[in-house]
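Just so you know, these numbers come straight off a predicted model, no measurement behind them. Each chain gets a letter, A, B and so on, in the order its sequence line appears, and its residues count up from 1.
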Amino acid sequence: MRRTLIKHVLVSDAIGEPVKVAGWVRTRRDSKGGFSFVELNDGSSFSGLQVIVPGELENYESEVLNVTIGSAVAIEGQLVESPGKGQRVEVHATKVTVFGLADPDDYPLQKKRISFEKLRDIAHLRPRTNTFGAVARVRNALAYATHKFYQERDFLYVHAPMITSSDAEGAGEMFRVTTLDPAAPPRLDGAVDYAQDFFGKPTFLTVSGQLSAETYASAMDRVYTFGPTFRAENSNTRRHLAEFWMIEPEVAFADLSDNADLAEEYIRYMFQFVLEQCPEDLAFFDKWVQEGLLDRLNALATSEFRRITYGEAIQALEQADTSFEFPVHWGADLQSEHERYLTEVVFAQPVIVVDYPKDIKAFYMRRNDDGKTVAAMDVLLPGVGEIVGGSQREERHDVLLESIREKGLPEEEYWWYLDLRRFGTVPHAGFGLGFGRMVQFTTGMQNIRDVIPFPRTPNSADF
RNA sequence: UCCGGGGUAGCUCAAUCGGCAGAGCAACGGACUGUUAAUCCGCAGGUUGGGAGUUCAAGUCUCCCCCCCGGAGCCA
């Protein structure tokens, strides 16, 4: 008999028909009536399926009564309307196959709530909990929405390399990739001789797929990357990971305004999609993780984002009757507290800040005509802060070269990047969106370590 | 990396001035005719993160180390 996923059984109308399901037991409650209730979850939906196991089954005493939370079983039986409260249908078992028991003396999960911190220590078992099952489904839905959104708009999915020989991508400390023996590396004049390393030169894990995306946008018009990126920063916050996933669209013949349109549309699309696909999971987060989550997501799925310039942002902050830890003045970068104040207090909605001072932004951002600012943009969301950073890229060869020199970057490493401006250069723009932060915002989960299956942070790379 | 808060039973936590290390839940045994975080009775559960020190006596005080959480910086 063919197995049906529980999410399909729960909405099935085939009352009286035979059905087969399998999954992991959440609870078993025995009745004096000589039968047991078994709640089964297979990860396909938030809700589990209630199974009634009659005492007459031949393995009832020998096996079923040993089934506890965490056990893996398959059930064959009949779908019936449930006389009890709390579920529409249930299954009356005619056969129970026990694949694996979970000794309750050792099994670390229980029906009672366990702290997220403790669950990180058992990350291999936490997807079996309500919260992490729901996070996994929402994360999946957001990834699906991402591909759907860009594919529907004729973007090409580009796989950026994860290993790079450029140590000057300008986005933070990098992890070194090497096959040399760290205890005894080959040396040349005292220094490590990377000519003998696997790639014949020093290599690192990428911090961004942007530069690769730009090369493909300069041929395929509109592209996006969606892959892991790595930062060796010693960041210990609830918003940072050493290994995290980023989505980076890049569009040719586009300016900063087109870029902001795209970011806004994309973010709204994800909210709409996940509201449609994961109502049960979101209702759970709304009730147990962050009150008011559903109202906010619903509002965001349709509302426009507020767009202001950096100069206007500084003005608004200078007029604020709050005292900030970091002083506000034109030329200073916006701190977390400033970003939060703008998006949470001043406007109380998502905010896109554009045109930042050139001195605090990356070399590749397009210089504005005022000579002071660049065509950069940050998208700020209440609760998470910066979720998108992007810009129109500098397409003028001489201006880009000047920027590279001004910032003291190694010109020779950018020969291919400069080539894009020598041959058929084109105005183009793009941004990066931190996928984990999007999942955080969508689920209300406070810590980014709890929205990725196996978080990598300083001092922690288990599982 | 900096600042602050923590680490006690399987889990969530308590322990007054330094004086016998406790509770709820889970688990286990039993009771209960369809339960929904079931309920009731009973039983059991400990190298107090690791190390050193002060003391008649340390979960508690001192020092070193490890780990976790929150905030900041860096950023997505």
Taking 4.0 angstrom as the limit, do A:Asp450 and A:Arg126 come out as a salt bridge?
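Salt bridge between A:Asp450 and A:Arg126, a charged N being under 4.0 Å from a carboxylate O: yes.
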Is the phosphate of [N], meaning OP1 or OP2, less than 4.0 Å from a side-chain N or O of [X]?
{"X": "A:Gln335", "N": "B:A72", "result": "no"}
{"X": "A:Ser235", "N": "B:C74", "result": "no"}
{"X": "A:Asn447", "N": "B:G70", "result": "yes"}
{"X": "A:Arg340", "N": "B:A72", "result": "yes"}
{"X": "A:Arg239", "N": "B:C74", "result": "no"}
{"X": "A:Asn459", "N": "B:C67", "result": "yes"}

Does A:Thr309 have any side chain to side chain contact (heavy atoms under 4.5 Å, CB included) partners at least two apart in sequence or in another chain, and if so, which?
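Testing A:Thr309 for side chain to side chain contact (heavy atoms under 4.5 Å, CB included), a comparison that skips the adjacent residues, returns A:Glu312, A:Val354, A:Asp355.
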Between the base of B:G34 and the ring of A:Phe35 - centre-to-centre under 5.5 Å, planes within under 30° - is that a stack?
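Per 5.5 Å and 30° rule: no stacking.
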Give the intermediate values and the outcome of side-chain contact (heavy atoms from CB on, under 4.5 Å) for residues A:Tyr341 and A:Thr322.
CA-CA 9 Å; A:Tyr341 188 82; A:Thr322 318; 3.1 Å; yes
Base, sugar-phosphate, or nothing for [X], non-hydrogen atoms under 4.0 angstrom?
{"X": "A:Phe441", "answer": "nothing"}
{"X": "A:Ser82", "answer": "base"}
{"X": "A:Ser336", "answer": "base"}

If you measure from the P atom in B:C41 to the same atom in B:A26, how many Å do you get, rounded?
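Their P atoms lie roughly 12 Å apart.
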Parallel, tilted or perpendicular: ring planes of A:Tyr150 versus A:Tyr224, cut at 30 and 60 degrees
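A:Tyr150 and A:Tyr224: parallel rings.
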For residues A:Arg393 and A:Ser391, is any side-chain donor paired with an opposing acceptor at under 3.5 Å?
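Yes, a side-chain donor-acceptor pair sits under 3.5 Å.
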Watson-Crick or G-U stems involving RNA chain B, each at least 3 pairs long, distances under 3.5 Å, ordered by first number
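As far as RNA chain B goes, consecutive pairing (with distances under 3.5 Å) yields the stems B:1-7 with B:66-72, B:10-13 with B:22-25, B:28-31 with B:39-42, B:49-53 with B:61-65.
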